[in-house]
Amino acid sequence: MLLLLLSVIAASSILWDWWLSGRLFCKPLPRPYRDRHSQLAAWERTCSDEVMDKTDALLQTLCEAFSFNPDDRYRFSPNDRIMDVYRACYPRWRFWKISDCMEIESLMMDIQRRFQLSDTEVLEMTLAEVAELMSSTQYL
């Protein structure tokens, strides 16, 4: 009986996540980003055409690391900072959430592997705006 109850709870939580995000096993964007319209026009103004492919790859990597729906990747603006996205997911006042899911660490490893960066370049990226990363020639 207990096993059946646990199975029902697990299945309902998976269905709830699917209903919220539209995809299975994706988390919804945090509130400040979820309420935005698409920022694609801002990205196109900021980045050139040849950099847009790498920008798209970076935004998709960001969504994969945080388990966001990849279709929502253009809700992030060029002025957003990676640590601000993290703080929106894990605000300080939610003291009952003791640990995170190591999103920053997995994001930095994915970016380092995908863009062939050194460790020091990856550490600088957490404080930079996403547009600064893509417009800087050392990251291309």
Any chance you could measure Asp84, atom CG, to Cys89, atom SG, to the nearest 0.5 Å?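 Nearest 0.5 Å value for the CG-SG distance: 11.0 Å.
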Taking atom CD1 of Ile82 and atom CD1 of Ile104, what is their separation to the nearest 0.5 Å?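 It comes to 6.5 Å.
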Do [X] and [Y] touch side chain to side chain, with heavy atoms closer than 4.5 Å?
X: Thr55; Y: Val51; answer: yes
X: Leu62; Y: Arg73; answer: no
X: Gln112; Y: Met108; answer: no
X: Trp43; Y: Leu59; answer: yes

Restricting to salt bridge (charged side-chain N to carboxylate O under 4.0 Å, His left out), what partner residues turn up for Arg34, sequence neighbours left out? none
Who passes salt bridge (charged side-chain N to carboxylate O under 4.0 Å, His left out) against Arg45, sequence neighbours left out? none
side-chain hydrogen bond (donor to acceptor under 3.5 Å, both in side chains) involving [X] - partner list, sequence neighbours excluded:
X: Asp110; result: Arg113
X: Glu103; result: Lys27, Tyr90
X: Arg114; result: Thr61

Is a donor on one side and an acceptor on the other found under 3.5 Å between the side chain of Arg36 and the backbone of Arg75? yes
Should Leu40 and Leu58 be counted in the same cluster of Ile, Leu, Val, Met, Phe, Trp and Tyr side chains packed under 4.5 Å apart? yes
Can you name the residues that form a side chain to side chain contact (heavy atoms under 4.5 Å, CB included) with Glu105, not counting sequence neighbours? Met102
Might you point out which heavy atoms bring [X] and [Y] nearest each other, and give the distance in Å?
X: Tyr74; Y: Met52; answer: OH-CE, 3.9 Å
X: Phe68; Y: Pro28; answer: CE2-O, 3.7 Å
X: Val85; Y: Pro30; answer: O-CG, 4.5 Å
X: Ala42; Y: Thr46; answer: O-OG1, 2.7 Å
X: Cys63; Y: Asn69; answer: SG-O, 4.0 Å

Yes or no on side chain to side chain donor-acceptor pair (under 3.5 Å) for Tyr33 and Asp72, after CA distance, side-chain angles and deciding distance? CA-CA 9 Å; Tyr33 307 104; Asp72 294 333; over 6 Å; no
